[in-house]
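Just below is one structure, and these are the notes that go with it.
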2 protein chains.
Amino acid sequence: MAQPKCRQIADELRERIVSGALRVGDRLPTEPQLQEQYGVSRNTVRDATALLVHEGLVESVPGRSGGMLVREKVTLTFHAHRAEMPGPTAETDAWRSEVEQQGYEATQEFRLTIEVLPGELAERLKVEPESAAVLRRCVRFVNGQPSSVQDTYYPMDLAEKVPELLSPRDIPQGTTRLLAERGYKQVAYYDEYVSRMPTPEEATLLRLQPGTPVLHYIRTGYTEERPVRVSVTPFAGDRNRIVSTHGDASIIARFRPEEEPR
Amino acid sequence: MAQPKCRQIADELRERIVSGALRVGDRLPTEPQLQEQYGVSRNTVRDATALLVHEGLVESVPGRSGGMLVREKVTLTFHAHRAEMPGPTAETDAWRSEVEQQGYEATQEFRLTIEVLPGELAERLKVEPESAAVLRRCVRFVNGQPSSVQDTYYPMDLAEKVPELLSPRDIPQGTTRLLAERGYKQVAYYDEYVSRMPTPEEATLLRLQPGTPVLHYIRTGYTEERPVRVSVTPFAGDRNRIVSTHGDASIIARFRPEEEPR
DNA sequence: CAGTGGTCTAGACCACGCG
DNA sequence: GCGTGGTCTAGACCACTGG
């Protein structure tokens with residue numbers, strides 16, 4: 001068998017989706033229908049649809065009127081260069097206003113904990129491995145659906161100098177601005193982007209369908225003197241896009257006016 | 001059953017991997033061993049390992065001395081802000097020198113075609129949908145393994161003014177520099193990052209294991225006057241990381257000296 | 001209720017690749 | 001050869017959810 005049956009079936013269904021014969025929200029044929037149509041066993045049909053699910057093209061909805069649905073591709077755009085850069089809006093509000101500007105509803109859940117800093121992150125902050133850090137976690141929802149989790153770690157010594165960092169509530173003006181007011185103005189950012197499959201925790205937190213990767217975004221912020229914080233943000237890959245610009249922003253604005261805030 | 005058997009098995013195996021009991025390159029127990037150990041059927045064992053494969057933790061190697069292996073996590077770092085920015089090195093050489101600096105071997109395959117521009121990209125270049133464009137494709141290999149595919153599209157009218165763009169060979173000084181010499185100096189970039197599962201073509205081209213997402217990177221380059229090119233680069237998610245910086249680069253260099261080129 | 005997909009079993013044959 | 005995983009079959013029971 002040059003091509004396994006499950007792949008042939010998947011290929012035909014995929015073709016129907018990308019060609020537009022099946023549109024977003026449409027139901028694929030049910031498993032019994034596909035068994036009949038291709039003359040294969042149920043498991044083979046399931047192997048085929050599993051391929052499409054893991055490609056992120058299709059999602060399964062349980063129940064009587066459920067089935068395998070062609071998946072929606074929403075994309076919320078997150079502007080890396082805009083967030084937290086000097087400007088009129090505070091950082092958390094920056095995210096909120098981005099979302100609302102794009103016509104969605106934004107909500108957040110905040111939590112503060114003290115954590116032992118994983119080695120990977122200690123290295124970015126240039127502190128001892130295993131040292132303590134303040135973790136400010138913000139789970140961000142778009143239209144009630146979890147969209148990303150921003151975990152920001154501050155070295156413990158910084159939290160002693162800026163005790164508001166230990167406030168277990170969202171800081172209205174944004175922590176970046178607060179730090180700037182306290183003499184810790186961030187003037188450089190180191191951004192990393194990775195695409196990977198979610199850990200089970202991430203899958204739960206972001207309510208990810210099987211076959212959905214995360215876009216992992218790590219930002220390290222520096223003052224003139226030192227790194228002061230590292231933010232680790234897994235974005236649900238199927239619902240987010242990160243945008244960043246370099247060079248003369250006014251040119252971008254000319255050709256992408258929709259990108260301008262406000 | 002609160003927790004399906006296949007997940008319990010996957011959880012235990014995952015735990016052994018993340019805890020370090022199983023290291024990169026180690027073999028998981030074979031299917032018969034797991035059947036025996038957990039008292040389940042072979043399909044259940046396979047459902048369990050399939051979960052790990054789709055999480056990107058494990059890969060299967062066929063043959064007598066194959067099996068399910070804990071997967072290696074290489075990460076090549078690609079510096080978005082460095083590539084193509086004014087500097088001494090040309091753009092393709094920039095990639096090559098990045099790879100070699102990180103201790104790997106770099107090879108590339110180049111191909112030129114004329115394509116009908118997909119609507120998505122036509123929009124970025126501000127040309128009519130369905131218009132023709134020059135596609136310069138570069139498949140990039142690290143240690144002989146495909147790592148990313150850079151597809152760069154130039155509007156046809158630009159190719160008429162800069163006919164070297166139609167050269168079916170790699171352009172030694174780099175197309176960005178060539179364009180600059182011809183009066184099309186790019187002064188602004190619009191970068192987009194998306195994480196998603198590969199299309200079958202991408203999976204083939206990048207030889208992706210099941211469960212490997214791609215990090216999709218799209219850069220639109222602008223002169224003072226207009227967008228002149230759009231590069232679409234799917235990176236194999238398991239082998240790449242993209243880095244970008246904002247603000248005062250000298251501060252980054254102080255804390256991450258390894259990041260400095262040369 | 002009836003029909004959807006989710007999980008599981010117990011078999012079978014095959015392609016691969018090391019020894 | 002022979003053990004690895006890859007594919008497939010034909011059954012079974014279950015959880016979920018709209019009508």
Side-chain angles (χ1 to χ4, degrees), chain A residues 1-13 22 25-71 200 203-204 207-212, chain B residues 1-13 22 25-71 200 203-204 207-212:
Chain A
M1 211 171 307
Q3 184 81 319
K5 289 185 193 174
C6 60
R7 262 197 224 175
Q8 284 177 21
I9 299 172
D11 287 349
E12 293 197 25
L13 292 172
L22 285 168
D26 284 355
R27 291 174 51 165
L28 264 52
T30 66
E31 290 177 353
Q33 284 169 344
L34 290 171
Q35 285 183 59
E36 170 74 15
Q37 185 175 342
Y38 290 96
V40 297
S41 74
R42 182 169 172 225
N43 279 349
T44 302
V45 166
R46 288 182 60 72
D47 287 347
T49 53
L51 285 171
L52 300 177
V53 168
H54 285 119
E55 283 170 26
L57 280 178
V58 152
E59 69 184 316
S60 76
V61 173
R64 176 79 156 84
S65 73
M68 309 297 299
L69 305 190
V70 178
R71 201 158 147 182
T204 305
R207 288 182 221 143
L208 297 176
Q209 294 274 330
T212 309
Chain B
M1 210 171 305
Q3 184 81 320
K5 290 184 194 174
C6 60
R7 263 196 224 177
Q8 283 177 22
I9 298 172
D11 287 348
E12 292 196 26
L13 292 172
L22 285 168
D26 284 355
R27 292 174 51 165
L28 264 53
T30 65
E31 289 177 353
Q33 284 169 346
L34 290 171
Q35 284 182 60
E36 170 75 15
Q37 186 175 340
Y38 290 96
V40 297
S41 74
R42 181 167 172 227
N43 278 349
T44 303
V45 166
R46 287 183 59 73
D47 287 347
T49 53
L51 285 171
L52 300 177
V53 168
H54 284 118
E55 284 171 24
L57 281 178
V58 153
E59 68 182 318
S60 76
V61 173
R64 175 79 155 82
S65 72
M68 308 298 298
L69 306 189
V70 178
R71 199 157 149 182
T204 304
R207 288 184 222 141
L208 297 175
Q209 294 274 330
T212 309

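Residue numbers start from 1 in every chain, and the chains themselves are labelled A, B, ... in the order their sequence lines are given, proteins ahead of strands. What you see is a predicted model, and the numbers here were worked out from it, not measured in a lab.
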Next on the checklist: Using OP1 and OP2 only, check whether a side-chain N or O of A:S41 sits under 4.0 Å from D:dC8.
Outcome noted: no
Checklist entry - Side-chain N or O of A:T44 less than 4.0 angstrom from OP1 or OP2 on D:dT7? => result no
Separation of atom [atom1] in [X] from atom [atom2] in [N], rounded to whole Å:
X	N	atom1	atom2	answer
A:K5	D:dA10	NZ	C1'	13 Å
B:Q35	C:dC8	CD	P	13 Å
B:R46	D:dT4	CZ	C1'	11 Å
B:D47	D:dG6	CG	P	13 Å
A:L69	D:dG18	CG	P	12 Å

Between protein and nucleotides 11-13 of chain D, what N or O pairs are separated by less than 3.5 Å?
{"residue": "D:dA12", "atom": "N6", "partner": "A:R42", "partner atom": "NH1", "Å": "3.0"}

Checklist entry - How about B:E36: does its CD atom have over 12 heavy atoms from other parts shown lying under 6.0 Å from it? => result no
Item to check | Steps toward side-chain contact (heavy atoms from CB on, under 4.5 Å) verdict (A:R27, A:L69) | outcome: CA-CA 5 Å; A:R27 291 174 51 165; A:L69 305 190; 3.2 Å; yes
Checklist outcome for this item: Taken in chain and number order and not counting sequence neighbours, the residues that satisfy side chain to side chain donor-acceptor pair (under 3.5 Å) with A:T49 are none
Item to check | 5' precedence on DNA chain D between A:C6 and B:P29 (nearest-nucleotide basis) | outcome: B:P29
Checklist entry - Does anything in residues 58-68 of chain A reach DNA chain C, meaning a heavy atom under 4.0 Å, and if so which residues? => result A:S60, A:G63, A:R64, A:G67, A:M68
Next on the checklist: Under 4.0 Å between a side-chain nitrogen and a carboxylate oxygen: does that hold for B:E31 and B:R42?
Outcome noted: yes
Checklist entry - Do B:Y38 and B:Q8 come close enough that some side-chain heavy atom pair is under 4.5 Å? => result no
